[in-house]
Protein chains: 2
Amino acid sequence: MSEISLDEHEGAARESAEAVRPSGTLHGELLVALRDFIVEGNLEDGARVPERALCERFNISRTPLREALKVLAAEGLIELLPNRGARVRELSPADLRELFDVMGGLEALAGRLACERITDAEFAEIERIHHEMYHFYLRRDMHGYFHCNQAIHQLIVAAAGNATLTATYAGLAGRIRRVRYSANLAKDRDRLGEAMREHEAILDALRRRAGSELSDILFVHLRNKLKAAQPPGASSDE
Amino acid sequence: MSEISLDEHEGAARESAEAVRPSGTLHGELLVALRDFIVEGNLEDGARVPERALCERFNISRTPLREALKVLAAEGLIELLPNRGARVRELSPADLRELFDVMGGLEALAGRLACERITDAEFAEIERIHHEMYHFYLRRDMHGYFHCNQAIHQLIVAAAGNATLTATYAGLAGRIRRVRYSANLAKDRDRLGEAMREHEAILDALRRRAGSELSDILFVHLRNKLKAAQPPGASSDE
DNA sequence: TGATTTTATTTTGCATTCATTTTTTATAAG
DNA sequence: CTTATAAAAAATGAATGCAAAATAAAATCA
């Protein structure tokens, strides 16, 4: 009956909403598992979230499941319709634009903060991955490139040393991750080269600990990323 | 038995976590009411959240209450200790610093976005309140001053026209609102004058639609606000 | 046949119940 | 009188039960 193909995503201990990691409680574990389950795209966009099936899949009763659903709704991953259950939240082009802008703002902040406190060792690590990324870029290895790209942005956020920022950022990132924009990105070679140059500028500003400048670069960088991901004439639904 | 002094905070329909406004469902209403109840300081810092008492107070069973608690924990307002219930989350000086920085980052973003899309009418409204605030400043009317100050920052965020940003901002603002830093702020007259000058600069940059510049000013403005709120030598718990 | 009403089934929201764990109170020992 | 131990009370986490609502299915009529 249950047409869901989940295979126990236990171990993936994603650090998410900061104050909620009640390992040892069913609800806490379930929250993590369910979030991954949805983020990884096991449910179609706009699809109903099948309570019964998920209960059977995770071997729990409805109570902890519904608690987790409420949290995921607060995070914006699903939406709750009164008396009509939960649905996977669809991202309109406008939503995506909003998310990218906020992510851009948070990365801009991360860059600024990172300039204040990043150690030489941390910077060296970012630089190392940057060169690795350049390597992938030359070889047109999209998978490797993308992986490094993610890592760099993640490291900058981490270097900011602000747990609240990290948690907020992770929450928004989860919502975007459902969208397969990577495909669009990878296709546009011009964008790839441009992105590479932007990353050079990021590294440079970070090296000089030029917080305000880095802040600007990162925001624009995210804007360009969005532009590349969005079809040219996509309505912004304003 | 219940030493809680709540008097039905119904109507206050605060727009909060965007995807959760299930008016008509008990859980949704309760979430809003409970959040206000905690934000308004009806529970001591670090105090246990009394499930039983709250159930009686709101006339509901534990199920919807606990659902709301899970959401509030995800928002960071309370923390859940396995088998030991929920407690009102205390804000360490480090937490406060983190929150202010992220709020600063979000306001910086708001300023940048506002410059892109703010209308002359919207700007005029902000300018009007700014002058009103100056009036209060001259008269040393702290209450009026503070109110205007809040309004201006709120309007800038609104002018950004990004619902995701608004929701994220509101979530963090709620956590800070528990702290009575306003008292500290109001006491420091030097800071007040400085803040006034910073607001002049904000207005000026916004008038010129100088997004990047405004972004910087707003972040620094928030930093200074924090500095004024924090006792000089407060440990940053790094 | 196709649309519409009626009935059955499922799903949802919330209350209640139950087994554990924690906290409190009472009791005993040093 | 203080500290340690044991028993009682309360709380928490999760499962189950139940009424109302929504969806699906069947029956009726045009």
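So you know, we letter chains A, B, ... as the sequences are listed, proteins then strands, and number each from 1.
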Would you say Gln154(A) and Tyr169(A) are linked by a side-chain donor-acceptor pair, where the criterion is simply a distance under 3.5 Å?
no
Using only side-chain N and O atoms of Arg62(A), determine if any of them is under 4.0 Å from OP1 or OP2 of dC14(C).
no
I'd like to know if Glu79(B) pairs up with Arg48(B) as an ion pair, taking the criterion as any Lys NZ or Arg NE/NH1/NH2 lying under 4.0 Å from an Asp or Glu carboxylate oxygen.
no
Earlier contact from the 5' end, DNA chain D, for Arg87(A) and Val49(B)
Val49(B)
Does the dG13(C) base have a donor-acceptor partner in the side chain of Arg84(A) within less than 3.5 Å?
no
Short N-O contact, Glu125(A) and Arg128(A), less than 4.0 angstrom:
yes
Whole angstrom is fine here: how far is it from CZ in Arg66(A) over to C1' in dG17(D)?
14 Å
Side-chain atoms of Asn83(A) come closest, of dA21(D), dG13(D), dC14(C), to dA21(D)
Once side chain to side chain donor-acceptor pair (under 3.5 Å) is applied, do any residues pair with Asn83(A), and if so which ones, sequence neighbours excluded?
none
What is the separation between atom NE2 on His27(B) and atom P on dA20(D), rounded to the nearest whole Å?
22 Å
Please compare Thr63(A) and Ala86(A) by the position of their nearest nucleotide in DNA chain C and report the one closer to 5'.
Ala86(A)
What's the CG-C1' distance between Leu69(A) and dT11(C), to the nearest Å?
13 Å
In whole Å, I'd like the distance from the CZ atom of Arg48(A) to the C1' atom of dT23(D).
7 Å
Looking only at side-chain atoms of Ser61(B), point me to the closest of dG13(D), dA15(C), dT12(C).
dA15(C)
Nearest whole Å is fine: how far is dA14(D) P from Glu67(B) CD?
13 Å
Rounded to the nearest angstrom, tell me the gap between atom NZ in Lys70(A) and atom C1' in dT12(C).
9 Å
Is any side-chain nitrogen or oxygen of Arg52(A) closer than 4.0 Å to OP1 or OP2 of dT9(C)?
no
Starting at atom CG of Asn59(A), determine the distance to atom P of dT16(D), rounded to an integer number of angstrom.
11 Å
Should the pair Phe58(A) and Phe37(A) be assigned to parallel (<30°), tilted (30 to 60°) or perpendicular (>60°) ring geometry?
perpendicular
In whole Å, what is the span from the CG atom of Leu65(A) to the C1' atom of dT11(C)?
13 Å
